[in-house]
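Contents: one structure, followed by commentary.
The basis for the numbers below is simple: all heavy atoms, side chains too, and nothing from hydrogens, waters or symmetry mates.
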Amino acid sequence: MKKNVLTRYRVMAYVTAVMLLVLCTCMIFKYGFDKGEDLTLVVSQIHGVLYIVYLVFAFDLGSKAKWSFGKLAWVLLSGTIPTAAFFVERKISHELEGSIVDGAPAVAEA
């Protein structure tokens with residue numbers, strides 16, 4: 001598996017997790033203090049779009065890493081649980097470190 005597949009997943013995992021925390025904060029302000037209804041709408045839509053991108057990249061990584069359905073489902077759902085994506089991303093990155101192939105072409109020795 002190429003390094004950029006894992007890198008794309010890692011970036012989107014962090015972005016999705018941060019946006020989910022921002023969304024949770026907005027929801028607290030919206031429902032707890034009756035403030036920021038418009039901001040909550042914008043943040044929720046941004047998180048929704050980013051989560052779809054995260055799903056595509058996570059599914060791509062899972063298919064290339066040949067994960068079981070249960071593992072793939074857990075990785076896909078971790079973008080919906082606040083802070084879970086941080087922990088799942090770290091575990092997946094450590095797990096896949098050995099299977100990463102550099103993008104540089106191999107040089108044949110004579």
More than 12 foreign heavy atoms under 6.0 Å from CZ of F59: is that the case here?
no

Hey, could you give me the CG/SG distance between L23 and C26, rounded to the nearest 0.5 Å?
6.5 Å

Output the distance between atom CZ (F69) and atom CG (L76), rounded to the nearest 0.5 Å.
8.5 Å

Under 4.5 Å between side-chain heavy atoms, hopping through other hydrophobics if needed: is there a path connecting M27 to M19?
yes

Do I28 and V18 belong to the same hydrophobic cluster, where Ile, Leu, Val, Met, Phe, Trp and Tyr are linked whenever their side-chain heavy atoms lie under 4.5 Å apart, directly or via other members?
no

Spacing of OG1 belonging to T40 relative to NE2 belonging to H47, to within rounding of 0.5 Å
13.0 Å

Any side chain to side chain donor-acceptor pair (under 3.5 Å) pairs touching residues 78-93, not counting sequence neighbours?
R10-E89, R10-S93, Y14-E89, Y54-S78, E89-S93

Applying the 4.5 Å side-chain criterion to the ILVMFWY set and letting contacts propagate, would V75 and V11 be lumped into a single cluster?
yes

Could you state the interatomic distance from CH2 (W67) to CD1 (I92), rounded to the nearest 0.5 Å?
4.0 Å

Which heavy atom of P82 sits nearest a heavy atom of C24, and at what distance?
CG-SG, 3.6 Å

What verdict does the side-chain contact (heavy atoms from CB on, under 4.5 Å) test give for F86 and L21, after you've listed the backbone C-alpha separation in whole Å, the side-chain angles of each residue and the deciding distance to 0.1 Å?
CA-CA 11 Å; F86 292 117; L21 291 176; 3.8 Å; yes

Rounded to the nearest 0.5 Å, how far does CD of E37 lie from OH of Y31?
7.5 Å

Side-chain donor or acceptor of T16 paired with backbone N/O of Y51 under 3.5 Å:
no

Validation row: I81, W74 side chains within 4.5 angstrom (heavy atoms):
yes

Applying the 4.5 Å side-chain criterion to the ILVMFWY set and letting contacts propagate, would I46 and I52 be lumped into a single cluster?
no

So F29 and L39, do their side chains get closer than 4.5 Å, heavy atoms only?
no

Please, which pairs that meet salt bridge (charged side-chain N to carboxylate O under 4.0 Å, His left out) have at least one residue in residues 46-62, sequence neighbours excluded?
R8-D60, D60-K64

Looking at CG of L72 and NZ of K66, how far apart are the two atoms once the value is rounded to the nearest 0.5 Å?
13.0 Å

I want to check something: taking the side chain as every heavy atom from C-beta on, are L61 and L96 in contact at a cut-off of under 4.5 Å?
yes

Are V42 and V15 connected in the hydrophobic side-chain network, where two residues link if heavy atoms are under 4.5 Å apart?
yes

